[in-house]
Amino acid sequence: MDLRRSLITMLGRLLEDMQVVQQQGAGYYSCIPVSRRYNKLLTQARQVVGDDDSLIGTFEPLPETDPKDPGDKMKMMQGFRVEIGQLITLLQ
């Protein structure tokens, strides 16, 4: 399997893991593991796509913070979902 396919698979799995965590946690989960993993995968995606692609430049590392308020966590995870979904689309 090439690196691009592996990244797509891993990002898809990250989306699935996020959904499971959110369903089980009711706000008592951490956003940090998700953002750390995404940031590592984004670094790899930049190498695959290449810096000359202007669309990869629209992606930024996600903040590795953990809001205390469950509503803020949900908003943050929704933002993560959008970014991950868009990165998957770019890699495809």
Side-chain angles (χ1 to χ4, degrees):
M1 189 181 304
D2 67 8
L3 184 55
R4 183 181 299 260
R5 284 265 146 235
S6 295
L7 284 169
I8 292 168
T9 302
M10 291 177 77
L11 286 163
R13 180 56 196 233
L14 185 57
L15 283 175
E16 292 172 14
D17 291 343
M18 287 173 57
Q19 184 174 0
V20 169
V21 166
Q22 281 184 291
Q23 288 173 349
Q24 293 176 350
Y28 299 107
Y29 52 84
S30 173
C31 298
I32 294 173
V34 174
S35 58
R36 282 188 181 152
R37 173 53 49 194
Y38 170 84
N39 291 339
K40 290 175 184 177
L41 294 173
L42 176 60
T43 299
Q44 293 296 314
R46 287 184 194 282
Q47 293 174 3
V48 168
V49 174
D51 290 330
D52 57 332
D53 186 310
S54 63
L55 287 176
I56 195 71
T58 65
F59 292 90
E60 296 180 2
L62 296 175
E64 294 182 10
T65 59
D66 198 29
K68 300 300 178 207
D69 181 81
D72 290 339
K73 284 185 186 200
M74 181 178 285
K75 289 176 191 174
M76 190 174 227
M77 292 291 257
Q78 287 172 337
F80 291 0
R81 286 184 168 286
V82 170
E83 289 299 309
I84 293 168
Q86 291 295 300
L87 186 54
I88 289 170
T89 300
L90 177 64
L91 290 169
Q92 289 175 333

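Counting from 1, the numbers follow the sequence of the chain as shown.
Distance check, rounded to the nearest 0.5 Å: CG of Leu90 to CZ of Phe59 gives 5.5 Å. Residue Asn39 holds its CG atom at 10.5 Å from CD of Glu83, rounded to the nearest 0.5 Å. Within the model, atoms CG of Leu42 and OG of Ser35 stand 12.0 Å from one another, a figure rounded to the nearest 0.5 Å. Met18 CE to Gln78 CD: the interatomic distance, rounded to the nearest 0.5 Å, is 9.0 Å. With rounding to the nearest 0.5 Å, the separation of CD1 in Ile84 from CE in Met77 is 8.0 Å. Note that CD of Gln92 is 5.0 Å distant from CD1 of Ile8, once rounded to the nearest 0.5 Å.
Considering only residues two or more places apart in sequence or on other chains, Asp72 meets the side-chain hydrogen bond (donor to acceptor under 3.5 Å, both in side chains) condition with none of them. A search for side-chain hydrogen bond (donor to acceptor under 3.5 Å, both in side chains) contacts involving Arg36 returns Glu64, not counting sequence neighbours.
Cluster annotation: Met10 is not connected to Ile32 through the hydrophobic network of ILVMFWY side chains, with a link wherever side-chain heavy atoms come within less than 4.5 Å.
Here the shortest heavy-atom pairing between Ala45 and Leu87 reads CB-CD1, 4.1 Å. Taking every heavy atom of both residues into account, Tyr38 and Leu11 meet most closely at CD1-CD2, 4.3 Å. Smallest separation of non-hydrogen atoms from Val21 and Tyr29: CG1-CB, 3.4 Å. In plain terms, the two heavy atoms of Cys31 and Phe80 that are nearest each other are O-CE2, 3.7 Å.
Side chains of Met76 and Thr65 form a contact here, defined as non-hydrogen atoms less than 4.5 Å apart. You'll find the side chain of Gln22 reaches within 4.5 Å of the side chain of Arg81, heavy atoms only. Within the 4.5 Å cutoff, the side chain of Ile88 has heavy atoms near those of the Leu15 side chain. When side chains are defined from C-beta on, Lys73 counts as touching Asp66, because their heavy atoms get closer than 4.5 Å.
Between the side chain of Thr58 and the backbone N or O of Ser54, no donor-acceptor pair lies under 3.5 Å.
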